[in-house]
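All values below were derived from every heavy atom in this structure, side-chain atoms included, with hydrogens, water molecules and symmetry-related copies excluded. Both ligands and their constituent atoms are indexed starting at 1 by order of listing.
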Amino acid sequence: MDVIEAVTGRRSVGRLVEPAPGDGELLGLLERAMTAPDHGMLRPWRLVLVRGDARHALAPAFADTVDGTAEERARAAGKPLRAPLLVSIVFTPKPSPKVPEWEQLAATSAMIHTLGLLLHAQGWASIWRTGRVVESGSVRAALALEPAERLLGWLYVGTPDPAQRCAPRAAAAPEAYVSLLRSVGRVDPLVPLAGRR
Ligand SMILES: Cc1cc2nc3c(=O)[nH]c(=O)nc-3n(C[C@H](O)[C@H](O)[C@H](O)COP(=O)(O)O)c2cc1C
């Protein structure tokens, strides 16, 4: 799969079933994902893999995000079971006179997206999920986070559920997000391009 095909074909897949990539395959992809741009090469992340029964360790935190009936809480508690592998994304910003924290967050995001693309290229599927649960004390305790660390959610990883249909991706209108500097303070829209590839 070439890079254009991988980028165009990747979708976030919400329903993921067994199998998931093993630790060895995941580490191989992670090594490549860690080639994403990382100012100062600070590697401001660590990943905690959650598989199998260990996913239940996260259940109380998910249940606690719901202030509702026992049934609603039970449904929320089942959320970590939506994929066979949860890659917990832990942001570990490093003190740096040169690289502010936002840049380290950007680098972490670039690495995670690259990992998602590589998984897709290998036939796996994933979705980055967040929500209020990332702030939960019980989830932080379950994952043994240090006070200065921040949970950025999970990359849920597995095999796409064949029963799930992915809606076609809506076409983007990139011109709406791009303008052209002509001179100081003068920024024009792009002239509509014919035959953009
Ligand atoms: C930082 C981040 C957090 C996300 N959190 C959620 C989430 O909590 N729940 C969810 O369904 N999707 C989440 N997503 C996935 C987006 O909803 C998804 O990428 C978007 O709908 C576009 O779909 P696509 O990836 O198939 O193009 C998140 C994506 C990112 C980058």
For ligand 1, the portion of Ile127 having any non-hydrogen atom under 4.0 Å away: side chain
Distance under 6.0 Å and angle within 45° of ring axis: Arg129 vs Tyr156: yes
Atom 11 (O) of ligand 1 - nearest protein heavy atom and its distance: Arg129 NH1, 3.4 Å
Sole candidate of Leu81, Val133, Val139 that passes side-chain contact (heavy atoms from CB on, under 4.5 Å) when paired with Leu58: Val139
For the student: nearest non-hydrogen atoms of Pro21 and Leu85, plus distance: O-CD2, 4.1 Å
Protein non-hydrogen atom found under 4.0 Å from atom 18 (C) of ligand 1: yes
Heavy atom of the protein closest to atom 13 (C) of ligand 1 (residue, atom name, distance): Trp128 O, 2.9 Å
Atoms in ligand 1 flagged as close to Arg10, the criterion being non-hydrogen separation under 4.0 Å: 24 (P), 25 (O), 27 (O)
Heavy atom of the protein closest to atom 26 (O) of ligand 1 (residue, atom name, distance): Ser12 N, 2.7 Å
Heavy-atom pair with the smallest gap, counting every atom of Arg186 and Asp188: NH2-OD2, 2.8 Å
Taking atom 5 (N) of ligand 1 as the reference point, the nearest protein heavy atom with its distance: Thr130 OG1, 2.9 Å
Closest protein heavy atom to atom 27 (O) of ligand 1, given as residue, atom name and distance to 0.1 Å: Arg169 NH1, 2.8 Å
Close-contact set for ligand 1 against Arg11 heavy atoms, below 4.0 Å: 24 (P), 26 (O), 27 (O)
Greater than 12 external heavy atoms within 6.0 Å of Asp2's CG: yes
Protein non-hydrogen atom below 4.0 angstrom of atom 24 (P) of ligand 1 present: yes
Neighbour count above 12 (heavy atom, 6.0 Å) for Arg169 CZ: yes
Pair Trp45-Thr92, side-chain donor/acceptor within less than 3.5 Å: no
